[in-house]
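What follows is a set of notes on a single structure, which appears directly below.
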Amino acid sequence: MPHKNKKRHFSMPTAFTILFLLTVVIAILTWIIPAGKYDVDQAGEVIRNSYHGVSSKPQGLWDILMAPVIGMVGNAQTDGAISISLFILVIGGFLGVVNQTNALNDGIKVLVNKYSKQKKMLIPLLTLLFALGGSTFGMSEETLAFYPLLIPIMQAMGLDALVAVAIPLVGTQIGNLASTVNPFATGVASQTLHISMGDGLISRVILLVLTLGLSVWYIYHYASKIEKDPTRSLLYTNKNSAQIRDEKTSSKEIPTLTKGQKHVLWIFGLTFLIMIVGLVPWQTIDPSWTFFETFLKWFRNVPFLGALFGKNMVAFGSWYFNEITMLFFGMSILIKFVYHMPEEKFVDYFMDGVKDFASVAIVVALARGLQVVMDAGMITDTVLHWGELVLQGSSKIMFTLVTYVFYLPMTFLIPSTSGLAAATMGIIGPMGHFAGVDPNIVVSIYQAASGLINMLTPTSAVVVGAMQIAHINISTWWKWVWKLALGLLVLSCAYFVLLAVM
């Protein structure tokens, strides 16, 4: 009997292929879109009406292949992703060591059993906490440390990896969407427009409450649906990954935590707490909050102890990727001693964890490669200039809506909130003044568009990194999140129009 060829069904390519194809598309656009740039002042801020054309710099095959390399190590035009990638690798090593103690798996079983009747209450509580992180200090890439923790917890509750990814990803981006005192978004934008970060604070708090309420309801509704019927999960047909409840974690047998495991869990929780406290820019929120700097200054001068711990210590509030990478590395070593791991075994466990996260570290560099091609091709300022021309002479309502629409593709081109504010706010802000729109509303519009797109875009290291960790195809994420994104778009647009009119 002749063999019949089966029809090939289209399957969405991996994040690696999607990002590489996007790099090719952007390189092609550098041949089509005229190159141009704005002049900047001594502070590095864009000077309005200074756009001018420059010689075309089309990107070729060499540039396409070099993009992920430069995306990793950086160059004079674009910061590299090496600090984020190294952070991801060290987190992998840290989790590799923790997982060998089985403290996390056993702790999750105990936690789920203890709160079995209120288990879904973790969804609004954790989403709120992540939203506060995004709203106050721009929490985003830091959430990559939380996905490996939340995935097994949600699976143990009979939910799926989409819920685990949605809680930190949607939560932080809702916080960024309605940033209140985020120094990297609200701070940079407000400073550029010479207004206080407090201008418009109440309206942004209201927006945070509205958008967070919608998002929590959306995640909770999906979780309730798949809890009753697991076949309704968007990941149900994916037989090759562990998105649906794991038989081991759903076991009815409740373990007893050993003394060593309890110590490991305390260290695990303390690590994340220190990371958050270290990252919050306390002085930016309130200039009088100098307690960490004051204490560190005193501690450095303590005889012997100051030198023992290191004169180059960085105070909480000034930490970034170098410091939190060091934190996870140091805590891995602490667990080795607390749990009495043999040195050779410890190194093996750490490196096994690093291997598990290697693909995530590489995909982050690929995402940064898109920015490399755009910067080298000098087309970002041209797109910004086109938006400037469209916005001129608009009415209040028209300016509000067109500005929102303008920032959607601009966020795709410049995923960095601080980079986007620095590049655009000096131009768009004054236009709002002529249209009769308050500067703080312009800041809020930019933040809302940025938070919304950074929940979706494959140019964001957080989105592609989260999908890679959870083994979720990005098309599945889009299928899940598009209704929420549309709802947030309509809600925020209506809110800004109301503010502009008032």
Side-chain angles (χ1 to χ4, degrees), residues 79 82-98 101 103-104 107 129 132-146 149 181-184 187-188 191 197 259-343 345-347 349-350 353-354 418:
D79 291 333
I82 185 65
S83 59
I84 301 176
S85 294
L86 182 59
F87 171 59
I88 290 168
L89 292 176
V90 172
I91 285 175
F94 172 78
L95 292 171
V97 173
V98 171
T101 69
L104 204 53
L129 292 175
L132 291 176
S135 185
T136 56
F137 67 94
M139 190 178 195
S140 186
E141 288 94 343
E142 300 86 353
T143 57
L144 290 169
F146 290 91
L149 169 63
V181 290
N182 176 1
F184 308 108
V188 174
Q191 184 183 42
M197 285 176 63
K259 186 178 180 180
Q261 286 179 317
K262 289 179 181 178
H263 289 160
V264 170
L265 288 175
W266 276 108
I267 294 171
F268 187 88
L270 181 63
T271 303
F272 285 90
L273 177 62
I274 293 174
M275 180 186 78
I276 292 169
V277 174
L279 288 168
V280 175
W282 302 103
Q283 271 191 280
T284 308
I285 296 173
D286 190 326
S288 66
W289 291 355
T290 60
F291 28 83
F292 291 122
E293 286 80 5
T294 303
F295 173 79
L296 184 60
K297 185 177 180 180
W298 168 82
F299 188 77
R300 283 185 184 133
N301 294 320
V302 174
F304 181 69
L305 280 180
L308 178 64
F309 281 87
K311 297 288 187 181
N312 294 321
M313 286 186 294
V314 177
F316 287 159
S318 301
W319 282 27
Y320 204 46
F321 281 105
N322 287 352
E323 290 75 21
I324 59 178
T325 301
M326 173 273 297
L327 171 68
F328 279 93
F329 179 63
M331 289 304 199
S332 301
I333 296 172
L334 180 60
I335 290 173
K336 174 241 185 295
F337 287 106
V338 167
Y339 203 74
H340 306 294
M341 286 182 183
E343 180 271 338
K345 291 290 185 183
F346 166 74
V347 173
Y349 299 154
F350 189 89
V354 169
S418 56

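Model, not experiment: these values are computed from the prediction. Note: hydrogens, waters and symmetry copies are ignored here, and every other heavy atom, side chains too, is used.
Annotation: side chain of Ser318 is in contact with side chain of Glu293 (closest heavy-atom distance under 4.5 Å). For the pair Phe309/Leu305, a side-chain contact is recorded, criterion being any heavy-atom separation below 4.5 Å from C-beta on. Under the 4.5 Å side-chain criterion, counting only non-hydrogen atoms from C-beta, Tyr339 is not in contact with Val97. A 4.5 Å side-chain heavy-atom check between Glu343 and Val347 finds at least one atom pair inside the cut-off. Looking at heavy atoms from C-beta onward, Met139 lies in side-chain contact with Phe146 at the 4.5 angstrom threshold.
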Report the C-alpha separation of Leu296 and Phe316 in whole Å, then their side-chain angles, then the decisive distance to 0.1 Å, and conclude whether the side chain to side chain contact (heavy atoms under 4.5 Å, CB included) test is met. CA-CA 9 Å; Leu296 184 60; Phe316 287 159; over 6 Å; no
Check the pair Tyr349 / Lys336 against side chain to side chain contact (heavy atoms under 4.5 Å, CB included), numbers first and verdict last. CA-CA 10 Å; Tyr349 299 154; Lys336 174 241 185 295; over 6 Å; no
Report the C-alpha distance between Leu86 and Phe321 in whole Å, list the side-chain angles of each, state the deciding distance to 0.1 Å, and finish with yes or no for side chain to side chain contact (heavy atoms under 4.5 Å, CB included). CA-CA 9 Å; Leu86 182 59; Phe321 281 105; over 6 Å; no
Quick one: do Phe346 and Ile335 satisfy side chain to side chain contact (heavy atoms under 4.5 Å, CB included)? Show the steps, please. CA-CA 9 Å; Phe346 166 74; Ile335 290 173; over 6 Å; no
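For the pair Met331 and Leu270, the tightest heavy-atom approach, listed with the atom from each and the gap, is CE-CD2, 4.2 Å. Across every non-hydrogen atom of Leu95 and Phe268, the tightest pair is CD2-CE1, 3.9 Å. Pairing each heavy atom of Arg300 with each of Met313, the nearest pair is NH2-O, 2.5 Å. Smallest separation of non-hydrogen atoms from Val277 and Phe292: CG1-CZ, 3.8 Å. Taking each heavy atom of Leu327 and Thr271 in turn, the nearest pair found is CD2-O, 3.3 Å. In terms of heavy-atom proximity, Thr325 sits nearest to Ser83 at OG1-O, 4.3 Å.
Partners of Ser288 by side-chain hydrogen bond (donor to acceptor under 3.5 Å, both in side chains), not counting sequence neighbours, listed by chain and number: Asp286. For Ser140, the side-chain hydrogen bond (donor to acceptor under 3.5 Å, both in side chains) criterion is met by Gln173, not counting sequence neighbours.
No more than 12 heavy atoms of other residues, nucleotides or ligands sit less than 6.0 Å from atom NZ of Lys259.
Between the CD1 atom of Ile324 and the CZ atom of Phe328 there is a distance of 7.0 Å, given to the nearest 0.5 Å. Distance check, rounded to the nearest 0.5 Å: NE2 of His263 to OG1 of Thr101 gives 12.5 Å. In this structure, CD1 in Ile91 is found 11.0 Å from CG in Leu149, a value given to the nearest 0.5 Å.
Separation of the Phe329 and Phe87 ring centroids does not fall under the 6.0 Å cut-off.
With Trp319 contributing its side chain and Val314 its backbone, the two residues share a donor-acceptor pair below 3.5 Å.
Classification of the Phe291-Trp282 ring pair by plane angle, with boundaries at 30° and 60°, yields tilted. Phe299 and Phe295 have parallel rings, their planes meeting at less than 30° on a 0 to 90° scale where 60° marks the start of perpendicular.
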